[in-house]
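As the structure is a computational prediction, the values presented were derived from the model and not from experiment. All chains are named by letter (A, B, ...) in the order of the sequence lines, taking the proteins before the strands, and each is independently numbered beginning at 1.
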There are 2 protein chains.
Amino acid sequence: MGRPRGFDEAEVVRAAVVLFANRAYDGVSVDELVSHLGVHRNSLYKTFGSKRGLYLAALRWCLNEEVPTLIAEIERAEDATAAFQRLTTSMAWAGMDLLLLAAVERAPVDREVALEVKRALNSLDEAVQRRRGSGQAAEIMRSPLGFTATLLGLRLRVRAAVLTAESGAPTLRHGPHPS
Amino acid sequence: MGRPRGFDEAEVVRAAVVLFANRAYDGVSVDELVSHLGVHRNSLYKTFGSKRGLYLAALRWCLNEEVPTLIAEIERAEDATAAFQRLTTSMAWAGMDLLLLAAVERAPVDREVALEVKRALNSLDEAVQRRRGSGQAAEIMRSPLGFTATLLGLRLRVRAAVLTAESGAPTLRHGPHPS
DNA sequence: GAGATTTAGGAACGATTGTTCTTGGCTGGT
DNA sequence: ACCAGCCAAGAACAATCGTTCCTAAATCTC
């Protein structure tokens, strides 16, 4: 039995979600992680193996804990407009921002991240599928802003799927090629 | 009159668009830029001032040259579905990917990038506004995939607008706070 | 042919990066 | 009280980073 930890792993992971949701992966240094998470760098490497290991833990936590919350919001919203409103304005959705960042900047170059992002997006798609009324496009989707958002969102998904694309995979093909 | 240049500035900028469209800003090193663009590091700094200066030049070029092409595609598409299909699958749209990456990872932390992204998104919105029929949502927008894409796209815009948001600004508020 | 000026082609610089190592502290068991 | 084992608290390491500096080459003008 050794010295007791001065940190809680789950709490460290949750704090990491917030940091990684706010800035790009390379924009968050290990020094910063150590400062903000209350875990020493040695312990960070012992617990998560690497900076990338912590990132994956944070991403998985948010996909396991916050995506279901997102899904619950979608399922309970009276219509799509209300769902969009609530899901795109809340400060609490660090998980969604992490998903967004992971999809755009990490998934095209990290297959493990790509698989997690794919899993999360598929879960969201299935929740929307289950919910009646989503076939009825929200008012915002008929607006120019909604059109542009959809366009960017579709392109984001194409890029995020580059490393995990396979025959019969849904939606559109092409995107940046891995180097 | 001195030694003649061995590079063409416009060509360097175009090549930079491709590099920055494929990987995150910090994922592209100056060494890589020098290798791929055919311009020496000294000349890069003389011409663009910094790595960020080159990035802004690339972003502006793509917003000036490729966004109008995008707009032309939107205007000429027979319907929204065709527009989505063409605009999210083409390998040629490095400009769109650069806009996507700039919106997600640079705009929240760089006001000049945020202003360029805002300008481009507003131009796209206006093109869609001018085009009749966009009020009629594309089939894909009624699908779960389209819903999720729209959700991510809306969130992306909120985050991108953080540094440029003002009273009366359109759409949703909130996003990551600048540090 | 010499001089001025600009660019090519690196090397060098100071800072930062992610990761590993070293030393001391803290706990429970004996 | 001592020992084993784990964590805290840095320091150290090697590599990479963006930017500046230095030397040589290439051109035009005189």
Side-chain angles (χ1 to χ4, degrees), chain A residues 1-59 98 101-102 105-106 109-113 179, chain B residues 1-59 98 101-102 105-106 109-113 179:
Chain A
M1 175 46 122
R3 178 168 170 165
R5 284 178 166 180
F7 66 93
D8 173 47
E9 187 175 330
E11 203 171 300
V12 164
V13 168
R14 272 197 297 276
V17 167
V18 176
L19 281 185
F20 284 127
N22 269 286
R23 267 180 291 115
Y25 179 78
D26 286 317
V28 180
S29 67
V30 173
D31 270 356
E32 223 161 340
L33 289 166
V34 161
S35 299
H36 282 84
L37 306 193
V39 57
H40 192 266
R41 82 179 63 248
N42 195 10
S43 305
L44 190 154
Y45 283 90
K46 278 290 181 54
T47 309
F48 302 102
S50 64
K51 178 185 174 185
R52 177 178 173 269
L54 172 60
Y55 184 83
L56 280 171
L59 183 59
L98 180 49
L101 278 165
E105 51 138 0
R106 295 310 297 163
V109 296
D110 187 324
R111 195 178 148 82
E112 253 183 287
V113 170
S179 296
Chain B
M1 175 48 121
R3 180 169 169 165
R5 282 180 169 181
F7 68 92
D8 172 48
E9 188 174 331
E11 202 171 300
V12 164
V13 169
R14 270 197 296 277
V17 167
V18 176
L19 281 184
F20 283 128
N22 268 286
R23 267 180 291 114
Y25 179 78
D26 288 316
V28 179
S29 66
V30 173
D31 270 354
E32 223 162 339
L33 288 167
V34 161
S35 300
H36 283 83
L37 308 192
V39 58
H40 192 267
R41 82 179 64 248
N42 196 8
S43 304
L44 190 153
Y45 283 91
K46 276 296 179 53
T47 310
F48 301 102
S50 65
K51 180 186 175 186
R52 176 177 174 269
L54 172 61
Y55 184 84
L56 280 170
L59 183 59
L98 180 48
L101 277 166
E105 53 138 357
R106 296 308 299 164
V109 296
D110 188 324
R111 196 178 147 84
E112 252 183 285
V113 170
S179 296

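Among the atoms of the strands shown, none is found under 4.0 Å from any heavy atom of A/Asp26. Residue-level contact check: A/Val39 touches neither bases nor backbone, having no heavy atom under 4.0 Å from any strand. Using a 4.0 Å heavy-atom cutoff across all strands shown, B/Val34 reaches no nucleic acid atom at all.
A distance of 12.5 Å separates OG1 in A/Thr47 from NE2 in A/His40, rounded to the nearest 0.5 Å.
Nearest nucleotide to the B/Arg3 side chain, out of C/dG24, D/dT27, C/dA8: C/dA8. Each of D/dA8, D/dA26, D/dC17 was ranked by its minimum atom distance to the side chain of B/Pro4; first place goes to D/dA26.
With respect to B/Tyr45, the side chain to side chain contact (heavy atoms under 4.5 Å, CB included) criterion is satisfied by exactly one of B/Leu54, B/Val30, B/Val39: B/Val30.
When rounded to the nearest whole Å, the span between CD of B/Glu9 and P of C/dT7 equals 11 Å. Nucleotide C/dG18 holds its C1' atom 9 Å from the CZ atom of A/Arg41, rounded to whole Å. Between B/His40 atom NE2 and D/dG18 atom P the separation is 15 Å, expressed in whole Å. Look at CZ on A/Phe7: it is 17 Å from P on C/dC26, rounded to the nearest Å.
In this structure, A/Tyr25 contributes its side chain and A/Arg52 its backbone to a donor-acceptor pair below 3.5 Å.
With hydrogens and angles left out, the side chain of A/Asn42 and the base of D/dG10 share no donor-acceptor pair within 3.5 Å.
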